[in-house]
Amino acid sequence: MAKITPRSQDFSEWYLDVIREADLADYAPVRGCIVVKPYGWTIYEYMRDYLDKRFKETGHVNAAFPLFIPMSFIQKEAHHVQGFAPELAVVTHGGGEQLEEPLVVRPTSETIVGYSYAQWIKSYRDLPVLINCWNSVVRWEKRTKPFLRTMEFYWQEGHTAHATHEDALAEVLRMLDVYYAHMREDCALPGFRGRKSIHERFAGAINTFSVETMMGDKRSLQSCTSHDLGQNFARAFEIKYLDRDNTEKYCWTTSWGLSWRLLGAVIMVHGDDQGLRLPPKIAPIQVVIVPIFKNDTERAQVFETAEQVSRSLKAAGLRVKLDDRDETPGYKFNDWEMRGVPVRIEIGPKDVANRSVMVARRDLPGKAGKASVSLEGLSEHIHALLGEIHHSLLKQAEDFQNSNIRECFSWEEVKEAVQDGWALAPLEDNPANDEFIREQLTAKTLNFPLDQAEGEWTCVVSGRPVRERALIGKSY
RNA sequence: CGGGGAAUGGCGCAGAUGGCAGCGCGCACGGUUUGGGACCGUGAGGUCCCGGGUUCAAGUCCCGGUUCCCCGACCA
């Protein structure tokens with residue numbers, strides 16, 4: 001019997017149980033690191049492939065940069081080194097000898113990319129440079145959790161260089177939208193695009209944007225980031241180009257990243273007491289077929305239909321598994337629900353006789369999600385159903401998110417709202433205010449949503465007049 | 001890195017006062033079963049987290065360390 005702690009009882013235990021029982025990942029023998037098992041990695045691969053396609057569609061190409069970065073590179077940008085120093089893994093020895101200059105295991109690649117860009121970019125004709133990298137990075141984290149915060153994590157990091165700040169900023173926002181679309185359309189995850197507060201900015205950026213998503217326990221997960229690096233790294237690494245007017249100018253650079261943390265969001269947003277619920281587009285198995293029979297005669301009949309259904313669904317481009325294991329149907333139902341398979345097809349003697357099958361959808365529990373469907377046009381039906389499940393998951397998540405955010409206009413209201421959700425409140429973007437929020441509420445400024453009504457308010461912390469509101473809540 | 005909890009078979013756990021390392025699930029084999037986690041029988045599987053110490057004897061007591069979980073500080 002699988003052991004999944006009820007989500008309402010202990011969210012954290014539930015999360016870890018799901019990861020174990022759904023075969024997503026194991027702990028590694030190294031502190032803070034995980035082994036991603038095939039089922040978990042396959043989900044990540046689908047996420048990666050969808051995202052990669054979107055990068056290509058927006059004109060980006062992939063490349064690879066070294067894992068090792070000379071210590072001096074990290075130190076070239078003042079804020080950057082200050083921000084990352086506490087979490088660097090440093091290689092001091094190689095080949096049995098002490099290194100002359102220590103090498104940092106990349107915590108992110110702005111610096112070593114900057115080095116190359118300085119060589120590659122000579123003229124305005126070389127711009128923009130739009131490159132993405134799929135790699136892993138290492139940050140010496142104090143407190144880790146599978147997928148959400150591991151010492152080594154897989155992600156992509158985009159690095160671009162532009163002639164003007166206007167172009168760079170457009171790129172930063174374009175990629176934020178790419179992430180947003182990926183989350184909604186591929187992962188059925190809602191969220192809020194917004195600008196991070198000055199306090200929460202990436203080390204070395206002049207502006208950071210994020211998508212903040214509400215998890216099932218009402219805490220926020222920063223799902224991705226997109227940074228306007230201004231000319232900070234261009235100056236540090238001499239990334240310059242000769243403009244039309246024959247004068248040398250510094251480039252404007254950007255960087256943006258999304259990690260396997262988003263898989264953690266998929267688990268925490270969609271999962272339920274039965275286990276994982278996967279959005280169809282990233283589900284390794286979209287449809288599982290469970291045959292039901294009492295004897296060899298029935299078995300033969302049922303399998304004939306089941307195999308036929310399997311073939312036709314596969315031909316229709318669906319990822320299908322016919323579960324022919326020697327287990328009871330009930331066991332298989334629970335097993336696949338735990339693994340989050342969006343659609344289950346049950347085929348028994350009655351269905352064979354009726355030339356129909358029972359179709360159960362993972363997003364609706366029990367009988368509510370179960371219906372008899374004719375073999376005629378089954379592929380089309382399932383195809384449409386998967387789309388419906390996607391929208392249903394997105395809607396459930398979005399409704400949950402929206403119903404747990406309160407508009408607040410006073411500190412008292414914020415204080416109360418943050419006990420059990422998020423506050424949307426007028427806030428002055430001042431690190432002192434962020435600090436106050438953290439100390440008083442153990443919550444933080446998530447971001448200043450980009451899509452917000454204009455208005456004039458009074459900051460809930462400082463009391464000064466402000467023109468925008470921030471999302472405030474507890475976060476991962 | 002501070003405070004709290006934990007570590008015994010793949011998973012979940014039990015092992016007062018030190019005295020043969022156990023249970024449920026899972027796994028293997030055989031049989032009966034199969035429309036919401038079937039059952040019977042047989043069997044395999046253990047450096048009791050690691051290293052020291054006390055003792056005739058340590059899963060159990062003492063010291064040191066590691067890892068995991070929770071709450072903070074720090075972060076994608």
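In this structure, A:T328 reaches the B:A38 phosphate: one of its side-chain N or O atoms is under 4.0 Å from OP1 or OP2. Note on A:Y27: a side-chain N or O is less than 4.0 Å away from OP1 or OP2 of B:C69. A:R438 has a side-chain polar atom (N or O) that falls below the 4.0 Å cut-off from OP1 or OP2 of B:C74. Side-chain N/O atoms of A:R20 include one lying less than 4.0 angstrom from OP1 or OP2 on B:G12.
Following rounding to the nearest Å, A:M338 (CE) and B:G36 (P) show an atom-to-atom distance of 18 Å. We find that CG of A:D10 is positioned 17 Å from P of B:G5, with the value rounded to whole Å. Following rounding to the nearest Å, A:D335 (CG) and B:C11 (P) show an atom-to-atom distance of 17 Å. As rounded to whole Å, 6 Å separates atom P of B:C71 from atom NZ of A:K145. Going from atom CG of A:D17 over to atom P of B:G26 covers 18 Å, rounded to whole Å. Between the P atom of B:C69 and the CZ atom of A:R31 lies a distance of 10 Å, rounded to the nearest Å. With rounding to whole Å, A:D326 atom CG is found 15 Å from B:C39 atom P. One atom, CZ of A:R325, and another, C1' of B:U34, lie 14 Å apart when rounded to the nearest Å.
A salt bridge is defined here as a Lys NZ or Arg NE, NH1 or NH2 lying under 4.0 Å from an Asp or Glu carboxylate O, and A:E337 with A:R344 meets this definition. Between A:D272 and A:R362 there is a salt bridge, since at least one side-chain N of the basic residue sits less than 4.0 Å from a carboxylate O of the acidic one.
Across B:A28 and B:G65, the matching C1' atoms stand 39 Å from one another, rounded to whole Å. Nucleotides B:U47 and B:U8, compared at atom C1', are 12 Å apart to the nearest Å. Comparing the P positions of B:C11 and B:U66 gives an interatomic distance of 23 Å, to the nearest angstrom.
Of the listed nucleotides (B:G36, B:G72, B:G35), B:G36 has the atom at the smallest distance from the side chain of A:E337. Comparing B:G35, B:C75, B:A73 by their closest approach to the side chain of A:R143 singles out B:A73. Counting only heavy atoms from C-beta on, A:P349 has its side chain closest to B:G35 among B:G35, B:C75, B:G37.
With RNA chain B read from its 5' end, the first of the two nearest nucleotides for A:Q222 and A:G330 is the one closest to A:G330. In terms of position on RNA chain B, the residue among A:F84 and A:E327 whose nearest nucleotide sits closer to the 5' end is A:E327.
Side chain to side chain, A:R277 and A:Q396 meet the donor-acceptor criterion of an N or O pair below 3.5 Å.
No N or O donor and acceptor, one from the side chain of A:K294 and one from the base of B:G35, sit under 3.5 Å apart.
Pairing each heavy atom of A:T213 with each of A:P190, the nearest pair is OG1-O, 2.9 Å.
The aromatic rings of A:F436 and A:W411 sit tilted relative to each other, their planes meeting at an angle between 30° and 60°.
Because its glycosidic torsion is within 90° of 0, B:A16 is reported here as syn.
Tested against A:S197 for a side chain to side chain donor-acceptor pair (under 3.5 Å), the candidates A:T445, A:D434, A:N430 yield a single pass: A:D434.
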